[in-house]
Amino acid sequence: MDSAQFENPRSARRAPARITVTPGGPLVVRGDVEIVDTLGDPVPRRRATVALCRCGRSAIQPYCDGSHAVGRSPIRGE
Ligand code: FES
């Protein structure tokens, strides 16, 4: 388990939002951002910091499951 699993989502969501692009990996989202699905319904978020998949390979969309790192071509634009 990493330390992010023990963060208090409520306290972290008060901070300004920050989205970090990781090389060849997900978008790491910190702060008060609501994530919604294609219908506009909220996507459950259990952590204050989450990683959003941008390669399309994750089995737990919209979140990253690490599949981007499994020997495939890099994410376009990198
Ligand atoms: S970015 Fe990690 S599985 Fe897609």
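These numbers were taken from a predicted model, which means no experiment stands behind them.
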Q) Can Gln61 and Leu52 be said to form a side-chain contact (heavy atoms from CB on, under 4.5 Å), step by step? A) CA-CA 8 Å; Gln61 296 285 340; Leu52 296 178; over 6 Å; no

Q: Considering non-hydrogen atoms only, spot the tightest contact between Asp37 and Val43 and give its length.
A: N-CG2, 3.6 Å

**Q.** Side chain to side chain, Glu34 and Pro42, heavy atoms closer than 4.5 Å
**A.** yes

Q: Evaluate the side-chain proximity of Pro26 to Arg54: yes if any heavy-atom separation is below 4.5 Å, no if none is.
A: no

Q. Hey, is the main chain of Tyr63 close enough, under 3.5 Å, to the side chain of Ser58 for a donor-acceptor pair?
A. yes

Q: Over all heavy atoms of both residues, which pair between Ile35 and Pro62 is shortest? Give the atoms and the distance, please.
A: CG2-CG, 4.3 Å

Q) Are Val28 and Ile60 connected, step by step, through hydrophobic side chains (Ile, Leu, Val, Met, Phe, Trp, Tyr) whose heavy atoms are closer than 4.5 Å? A) no

Q | Where His68 and Arg57 come nearest, the two heavy atoms and their spacing | A | O-NH1, 3.5 Å

Q) Counting N and O atoms only, with roles assigned by atom type, does the side chain of Asp65 sit under 3.5 Å from a partner on the main chain of Ala59, one being a donor and the other an acceptor? A) yes

Q: Return the set of residues passing side-chain contact (heavy atoms from CB on, under 4.5 Å) with Ile19 (not counting sequence neighbours), or none when no residue passes.
A: Leu27, Val29

Q) Between Arg45 and Arg47, is there a donor-acceptor pair closer than 3.5 Å when you use the side chain of the first and the backbone of the second? A) yes

